[in-house]
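Below: the structure, in structure tokens.
Quantities reported herein were computed from a predicted structural model and do not represent experimental measurements. What you see below is based on every heavy atom in this structure, not just the backbone, and it leaves out hydrogens, waters and symmetry mates.
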Amino acid sequence: MPDPSIALKKEDLSSSAPRVRFAPSPTGFLHVGSARTFIFNWLYARSKAGTMVLRLDDTDVKRNTEASVQSIFEGLKWVNLGWDEEYKQSDRLDLHQKAAWAIFERGLAYRDFTPAHTGDAEKSGAQGTWLFNPGMRELSREESDRRAAAGEPFALRFLVPRQSVDEIRFTDAVYGEQRKLASDVEDFALLRSDGMPTYHLASCADDADLRITHIIRGQDHLSNTFKHVLIFNALAAQLPSFAHLPLLVAPDGTKLSKRRHGPIVSVTSYRDAGFLAAAFINFLCLLGWSPKNDREQMSLAELQELFTLEGINRANAVVNFKEPAPTPEEMFDPKAVWLNAEHIRALPVEELGARLLPIVRGAGHNLTEAQMLRITPLIRERIKLLRDVLTAADFFFLDQLPQYDPAELIPQKGDAAMAGKVLEKARSVLAGVEFKHDPLDQALRTAAQELGLKAGQMFQPIRVAACGRKNAPPLFETLEVLGREKTLQRIDSAIAKLQ
């Protein structure tokens, strides 16, 4: 006796390269969860010499916006992974409609002439679950054709098997064997009354036509897959392999959403805050996936080598952030910020400087490439986000330092008189010494001995005078970059503050 269930025979993919797709809907900015889906698809395709397909699922004309389309491409451009083929569902409507009517001609779909408001009323029946309208489902083909020819509007619905099939099943690479009673699946629409395809039909028709072998998408689509199994079967198409990704959730356990959490979940927010794309990719990969060796900091090449579907977890992944965020940094998950700092430190100085320079210039500072290259190694260990350059290195760019407390100039176990003596001595010494690390080091240490002070007591007033703060890069390298003229001007200003 045949197995009374629907589960398509999977194609033997062992000898063929996979074809995967990322299919965003342009109804808002690029969500970090969508970006993770794209990255996982990309890693899977690249790790197996496969094909990455980008398909805009833009058939929801009421919700799609051009701004959303631009946001998606803007975010993907920043992530900078690329893809091999690109499609728009709205260019493929003829394919979708032909697929729907092919299913109809096979006796696996029917016209539903129920007016929309009546259908809604029936859906809220006594048991609260709408499965089908018997009057429409059992309508004869002749009567259906007659009413359609008379111009009566209708939706085209899938004829879910309810007697010949007990259950629908498929195996998910993450969540394992999935089963659902066919009697619990409603007769879902394939075409709306205006002839436009529904998400379910368009997605499956495109996946079949584009020969997608693996569908890697969010866990919120897991329940849709039972309907998709039916459509693939009705189209006589091979069933792709499925892998559903755990959801991204906020610290309170709610699903991370554009509507509730706003720019916190937008890819471009990470870009604008100063994340490196490589660090962002690294962070997203750790949300719901881990390598066998539990590593955290990984380059793109390492991620590509280590990524497997078996490493994806079932548990939802928490993105930690504070609402409202007291500081820009706390808007993001601490692990994301830490990873970004690690990736920044791993960059060659020349590359990091090239990334920092547009930020500095964008803030109105006219800095040359050579100047940025000298500053970069001094602050590389001090920044977590690229935009931190504006606060970690501002004293290099500014002609005039912001106001600071003169008490900061006073060294440990000293007083204002000691600070003044140090600065007067430093001004005298620095006026004649070569502004290179070693001569500066030797001259100022000698000056400290002449004053009978410890090196730290000598260096602190000079550091604060030059930088406007105690916490600054190494003193001699900093003075070398600032140069004699600016350093002496700032020491003069500091002396005046103490008087």
Side-chain angles (χ1 to χ4, degrees), residues 29-32 35 38-39 67 69-83 262-284 297 299-301 325 327-333 336-402 466-469 471-474 477-478 480-483 486:
F29 51 71
L30 183 62
H31 188 290
V32 292
F38 173 79
I39 291 164
V69 173
Q70 295 306 315
S71 173
I72 289 171
F73 280 99
E74 196 178 342
L76 293 179
K77 180 181 178 182
W78 175 63
V79 173
N80 195 30
L81 296 180
W83 50 88
I264 291 172
V265 300
S266 170
V267 169
T268 49
S269 293
Y270 287 77
R271 178 201 64 188
D272 296 344
F275 278 83
L276 295 171
F280 177 71
I281 292 168
N282 190 168
F283 169 64
L284 287 190
Q297 183 186 352
S299 67
L300 184 60
T327 65
E329 182 181 308
E330 291 175 284
M331 176 178 171
F332 304 101
D333 191 302
V337 176
W338 171 78
L339 279 169
N340 199 62
E342 294 298 310
H343 279 267
I344 283 175
R345 293 187 189 105
L347 283 180
V349 170
E350 294 79 8
E351 184 177 346
L352 178 57
R355 291 172 181 267
L356 295 176
L357 187 56
I359 298 172
V360 174
R361 287 177 172 172
H365 304 295
N366 188 21
L367 214 66
T368 67
E369 291 182 12
Q371 288 171 317
M372 192 72 247
L373 197 58
R374 295 181 72 195
I375 294 168
T376 299
L378 302 184
I379 62 167
R380 182 166 54 174
E381 301 292 324
R382 296 172 174 269
I383 60 175
K384 297 178 180 179
L385 304 173
L386 293 178
R387 293 197 66 81
D388 290 347
V389 64
L390 298 177
T391 52
D394 59 341
F395 51 87
F396 287 116
F397 321 138
L398 299 172
D399 292 328
Q400 193 84 22
L401 289 177
C467 305
R469 68 188 71 153
N471 185 14
E477 290 92 335
T478 298
E480 185 177 347
V481 172
L482 283 173
K486 187 173 285 189

Specify the closest pair of heavy atoms between [X] and [Y], including all atoms of both residues, with the distance to one decimal.
X      : Y      : answer
Val349 : Pro377 : CG1-CD, 3.8 Å
Ala472 : Arg382 : O-NH2, 2.7 Å
Arg469 : Thr391 : NH1-O, 2.9 Å
Leu385 : Ala273 : CB-O, 3.5 Å
Thr376 : Met372 : OG1-O, 2.6 Å
Arg387 : Ile359 : NH1-CG2, 3.9 Å

Could you measure the distance from the [atom1] atom of [X] to the [atom2] atom of [Y]? Nearest 0.5 Å is fine.
X      : Y      : atom1 : atom2 : value
Arg361 : Leu356 : CZ    : CG    : 12.0 Å
Ile375 : Phe395 : CD1   : CZ    : 8.5 Å
Glu350 : Arg355 : CD    : CZ    : 13.0 Å
Ser71  : Phe29  : OG    : CZ    : 7.5 Å
Cys467 : Leu398 : SG    : CG    : 11.5 Å
Ile344 : Glu381 : CD1   : CD    : 10.5 Å

Single hit among Val79, Val267, Val32 for side-chain contact (heavy atoms from CB on, under 4.5 Å) with Leu284: Val32
Quick check: do [X] and [Y] have side-chain heavy atoms less than 4.5 Å from each other?
X      : Y      : result
Ile264 : Met331 : yes
Leu81  : Ile281 : yes
Leu30  : Ser266 : no
Phe396 : Leu367 : no
Leu276 : Asn282 : no

Tyr270/Trp78 aromatic ring centres below 6.0 Å: no
Would you say [X]'s side chain and [Y]'s backbone share a donor-acceptor pair under 3.5 angstrom?
X      : Y      : value
Asn340 : Ala279 : no
Arg380 : Leu347 : yes
Arg374 : Glu480 : yes
Gln371 : Thr368 : yes

Step-by-step side chain to side chain contact (heavy atoms under 4.5 Å, CB included) determination, Asp333 to Trp338: CA-CA 9 Å; Asp333 191 302; Trp338 171 78; over 6 Å; no
Leu352 vs Leu386, side chain to side chain contact (heavy atoms under 4.5 Å, CB included): CA-CA, chis, key distance, verdict: CA-CA 9 Å; Leu352 178 57; Leu386 293 178; 3.9 Å; yes
Charged N-O contact under 4.0 Å between Glu74 and Arg271: yes
Mutual orientation of the aromatic rings belonging to Phe332 and Phe275 [parallel < 30°, tilted 30-60°, perpendicular > 60°]: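 Ring orientation of Phe332 relative to Phe275: perpendicular.
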Mutual orientation of the aromatic rings belonging to Phe397 and His365 [parallel < 30°, tilted 30-60°, perpendicular > 60°]: tilted
